[in-house]
Amino acid sequence: MENEKNEARPLNFLEKIIEDDLKNGRVPDNKIVTRFPPEPNGYLHIGHIKSICINFGLAEKYGGRCHLRLDDTNPAKEETEYIDSIKEDIKWLGFDWGKYEFYASDYYDQLYEIAINLIKEGKAYVDELSAEEMKEYRGSLTEPGKNSPWRDRSVEENLRLFEEMKKGKYPEGSLTLRAKIDMASPNINMRDPALYRIKYAHHPRTGDKWCIYPMYDFTHPISDAIEGITHSICTLEFEDHRPAYDWACSIDGIEHTPHQYEFARLNINYLLMSKRKLLYLVNNHLVSGWDDPRMPTISGVRRRGYSPEAMKDFVSRVGVAKVEGVVDYSLMEFCVREDLNKRAKRLMAVLDPLKIVIDNYPDGKVEYFEAEDNPEDENSKKHKIAFSKNLYIEKEDFMETPVKGYHRLYPGNEIRLKYAYYIKANSIEKDENGNILAVHCTYDPESRGGTTADGRKVKGTSHWVSADHALVAEVRQYDKLFKAECPGAATGNYLDDLNPDSLKVIPAAYIEEEGAKAKVGDYLQFIRNGYYCVDMKDSSAEHMVFNRTCTLKDSWAKQKAKMGL
RNA sequence: UGGGAUGUAGUGUAAUGGUAACACUGCAGAUUCUGGUUCUGCCUUUGGGGGUUCGAAUCCCUCCAUCCCAGCCA
């Protein structure tokens, strides 16, 4: 099913490059090797799904392999918790790196040796410039930089200093090891980039073994080279680093030469993908955590009830290119709905109840009707639904004085209760303030099962539950976290665009009994209400909690809006 | 103002010298025991200006717009 959809798609620019490389024998053993290299400093988000799908997807498609490499070169920011969540998220998406799990820190010894050789070749030096001084010496975007006064130390002195740096003789920030490239380069990344800095931080994997840590521009290309990566795919902001990447790959002793390619990262309107901003939301309890169902994290969308297949379909539809754009949220919702429509089990749930009394239905009588689990599935199973005299329907399915175009229940109008009977509204029971307490109806016994012998049609079909049989559960109605397409665009502060209605809790919704069987991971549709899932954290057998994954398309709501209602 | 990149319907992505298309959105209609699904139709596109060519989204020149880069972050 998934493959059919992908087959028709044209090649993206990376696939073209790879096919060309393969065709021209530029790939060792004709096996491409890619890698997904997250820094374990936060939770993966939807943007990472694109990168994961590209890297693992390309490897799958061309019979190569994809490495998982945790880019752990900055112990100040990285934590084991993040490593674990990253692995879980990739697995959830259905990708498997097998034995190819690596850490940049696996290469610390090799990197150190390479640095020593660089020094010996006069291609690296220990600098004593402070951070501020280094900034000054770097020049600006328009002006060239100038050489550090420490640039021309002897090899011996550099070797000694670097050795001492490693041994912990110097405080943080006092010394760096720098590549000797070109302080006048128009590309700032080539103005003697730092290779190593001193950092007295506990590393999640190497502990306190090291107090000097290699920088990205040094570590990444060499890690790629060591692992035999053929196509090192990253996002656009690293384009400027490609010369540095190529510089590192050309260091003596590096035999394998990987190549870097850049694609545009995924942006989606109404969503924020910045780790810093997401972290703020978490720390300030504006959401319940990284896995809050409103978060654009992988753990968030998982808990929200999106399926990995839907997310993969989504990024596949977005495509891969070098144009920086913003994808419509509606495309993602489309993918989620399309996926869920095919797989979600249908249940009837009344979220905003209006009591219905079927006056001509015998007291205490209970009938069971059969409901299809999924009408989209030919082999759908069925389940039973209890019907009785006292029912609930949605409040919005009844109007005392109907507006134009309304074809649900109103006095004198006949509708169908799905799978059950036709009913007609007779009278309205109100309290002293005029609030409706119940609507009294009569049912047509001839319409049993939802159709009549005379073949007459009704325009409305409502879902319902039997008041005496319903499961009472909590329902969390999630909506977009931000109400603006580009949060913060108007005021400069994304918090101003937080959607105050992003979560509405319904403490006691009525759900048909079958709902009690729902488990974490099940995909559900509450008929006419939306797609739902069982909350993986807060739901229990005694107190079930359902999350709204997304709404159904609602053309009636649109029509009403147009009429100004 | 230095360097690097990118401009194709509202959005995303194809078309690499030969009829500009696919998907989403939007709009209209049909079907429907979910105002869902499904089906049909409609809307709208090559940033501007030159040039090469029988022919340009595609090649050349130029202008414009947008994004990225001055961490001892990745």
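In what follows, every chain begins at residue 1, and chains take the letters A, B, ... in the order their sequences are listed.
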- Does any donor-acceptor pair link the side chain of A:Arg408 with the base of B:G35 at a separation under 3.5 Å? yes
- Message: Please classify the nucleic acid contact of A:Ser462 as base, sugar-phosphate, or nothing, using heavy-atom distances under 4.0 Å.
- Response: nothing
- Under 4.0 Å between any heavy atoms, over every strand shown, what does A:Leu129 touch: base, sugar-phosphate, or nothing? Just pick one. base
- Message: Heavy atoms only, 4.0 Å cut-off, all strands: where does A:Lys275 land among base, sugar-phosphate and nothing?
- Response: nothing
- Task: Among A:Glu514, A:Glu372, A:Gln525, A:His383, find the one that has a side-chain hydrogen bond (donor to acceptor under 3.5 Å, both in side chains) with A:Lys345.
- Result: A:Glu514
- Does any donor-acceptor pair link the side chain of A:Asp240 with the base of B:G3 at a separation under 3.5 Å? yes
- Message: What's A:His407 touching, base or sugar-phosphate or nothing? Going by heavy atoms closer than 4.0 Å.
- Response: base
- Task: Can you check whether any acceptor in the base of B:U38 is under 3.5 Å from a donor in the side chain of A:Glu376, or vice versa?
- Result: no
- Task: Report yes or no: is there a donor-acceptor pair, N or O only, under 3.5 Å between the side chain of A:Arg317 and the base of B:U13?
- Result: no
- Item | Sugar-phosphate only, base, or nothing, as touched by A:Gly405 at under 4.0 Å among non-hydrogen atoms | base
- Within the structure shown, what part of the strands sits under 4.0 Å from A:Asp328 by heavy-atom distance: base, sugar-phosphate, or nothing? base
- Message: Quick check on A:Lys459: does its NZ atom have over 12 non-hydrogen neighbours (other residues, nucleotides or ligands) under 6.0 Å away?
- Response: no
- Nucleotide nearest A:Val323 (side chain, heavy atoms from C-beta), chosen from B:U6, B:G35, B:G26: B:U6
- Mind checking A:Arg138 for me? I need base, sugar-phosphate or nothing, with any heavy atom below 4.0 Å counting as a touch. sugar-phosphate
- Message: Using a heavy-atom cut-off of 4.0 Å across all strands, would you classify A:Tyr213 as base, sugar-phosphate, or nothing?
- Response: nothing
- Item | Stacked pair A:Tyr216-B:A74, distance under 5.5 Å, angle under 30° | no
